[in-house]
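All residue numbers refer to positions in the sequence shown, counting from 1.
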Amino acid sequence: MDAQLDDKALESTLAESLDDLAPDTKTVSEDEFAEVVGGALEAVGGTLLFKMRVENGAEGEHVAAACIGEAGNRQFLLLTLPTSGGALKVETAARSTNPVAGIAAAYAGLMDAFKTAA
């Protein structure tokens with residue numbers, strides 16, 4: 001990605017690419033979530049950092065963190081999907097209120113440090 005997109009434009013671009021990737025409304029497996037996230041990230045040249053399942057009482061959701069760009073131009077994304085199905089929500093980590101969003105940049109920094117040490 002040559003130019004850094006603003007947060008709203010990036011979220012909008014990803015949302016448009018997800019129209020055909022959303023799973024049917026049913027319980028969403030880890031594999032289905034990985035497939036949807038992979039398709040969304042492929043559409044914008046993003047890289048998956050990590051994914052997890054988060055339980056919040058009776059509600060659960062799949063959460064993935066990703067990045068687009070490199071070094072100083074890197075933007076972090078948070079992709080969430082309820083385990084009960086529905087639409088994949090994509091937002092920049094900077095605009096997200098999800099507690100997992102704060103982990104994305106720290107995780108990427110840790111991976112950068114491991115690459116440097118290797």
Side-chain angles (χ1 to χ4, degrees):
M1 180 178 290
D2 293 331
Q4 187 174 15
L5 294 174
D6 69 33
D7 292 348
K8 284 189 175 185
L10 181 58
E11 290 173 6
S12 176
T13 300
L14 280 163
E16 289 171 12
S17 71
L18 294 173
D19 288 342
D20 297 330
L21 295 171
D24 296 333
T25 302
K26 60 178 175 59
T27 300
V28 179
S29 72
E30 294 258 348
D31 289 342
E32 289 169 319
F33 178 63
E35 183 178 330
V36 171
V37 166
L41 293 177
E42 184 178 317
V44 295
T47 302
L48 178 67
L49 296 172
F50 62 85
K51 62 182 176 63
M52 64 177 69
R53 182 176 170 155
V54 178
E55 298 298 327
N56 186 7
E59 295 286 319
E61 69 180 353
H62 296 286
V63 180
C67 65
I68 295 176
E70 295 186 24
N73 291 327
R74 188 161 40 186
Q75 290 178 283
F76 298 100
L77 303 172
L78 198 67
L79 301 93
T80 56
L81 181 66
T83 55
S84 59
L88 180 68
K89 180 179 179 183
V90 180
E91 56 192 343
T92 58
R95 291 169 42 98
S96 177
T97 59
N98 190 309
V100 177
I103 300 171
Y107 183 87
L110 182 61
M111 292 299 100
D112 291 345
F114 283 150
K115 286 180 189 175
T116 302

Evaluate the criterion side chain to side chain contact (heavy atoms under 4.5 Å, CB included) for residue pair Ile103 and Leu49; output intermediate values, then yes/no. CA-CA 10 Å; Ile103 300 171; Leu49 296 172; over 6 Å; no

Decide side chain to side chain contact (heavy atoms under 4.5 Å, CB included) for Leu79 and Val63; before the verdict, give the C-alpha distance in whole Å, the side-chain angles of both, and the deciding distance to 0.1 Å. CA-CA 6 Å; Leu79 301 93; Val63 180; over 6 Å; no

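The cluster map of Ile, Leu, Val, Met, Phe, Trp and Tyr, joined by side-chain heavy atoms under 4.5 Å apart, puts Val54 and Leu78 in the same cluster. Residues Met52 and Val37 do not share a hydrophobic cluster, defined by chaining ILVMFWY side chains whose heavy atoms lie under 4.5 Å apart.
Summarising the geometry, atom CD belonging to Glu35 is positioned 13.5 Å from atom CD belonging to Glu30; distances are rounded to the nearest 0.5 Å. Atoms CD1 and CG, on Ile68 and Asn73 in that order, are 12.0 Å from each other to the nearest 0.5 Å.
Under a cut-off of 6.0 angstrom, the local environment of CD in Glu59 is sparse, with at most 12 non-hydrogen atoms contributed by other residues, nucleotides or ligands.
For Ala34 against Lys51, the heavy-atom pair with the smallest separation is CB-CE, 3.8 Å. The two residues Leu48 and Ala64 come nearest to each other via the heavy atoms CD1-CB, 3.8 Å. Between Phe76 and Ala104, the shortest heavy-atom contact is CE2-O, 3.9 Å.
In this structure Thr47 satisfies the side-chain hydrogen bond (donor to acceptor under 3.5 Å, both in side chains) test with no other residue, sequence neighbours excluded.
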Going by atom type alone, with no hydrogens or angles, which donor-acceptor pairs under 3.5 Å involve a side-chain atom of residues 93-101 and a protein atom two or more places apart or on another chain?
unit_1	atom_1	unit_2	atom_2	d
Arg95	NE	Glu11	OE1	3.4
Arg95	NE	Glu11	OE2	3.2
Ser96	OG	Glu91	OE2	2.9
Ser96	OG	Asn98	N	3.0
Asn98	OD1	Val100	N	2.9
Asn98	ND2	Glu61	OE2	3.2

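When the options Leu88, Thr83, Leu81 are evaluated for a side-chain contact (heavy atoms from CB on, under 4.5 Å) with Val28, the one that passes is Leu81.
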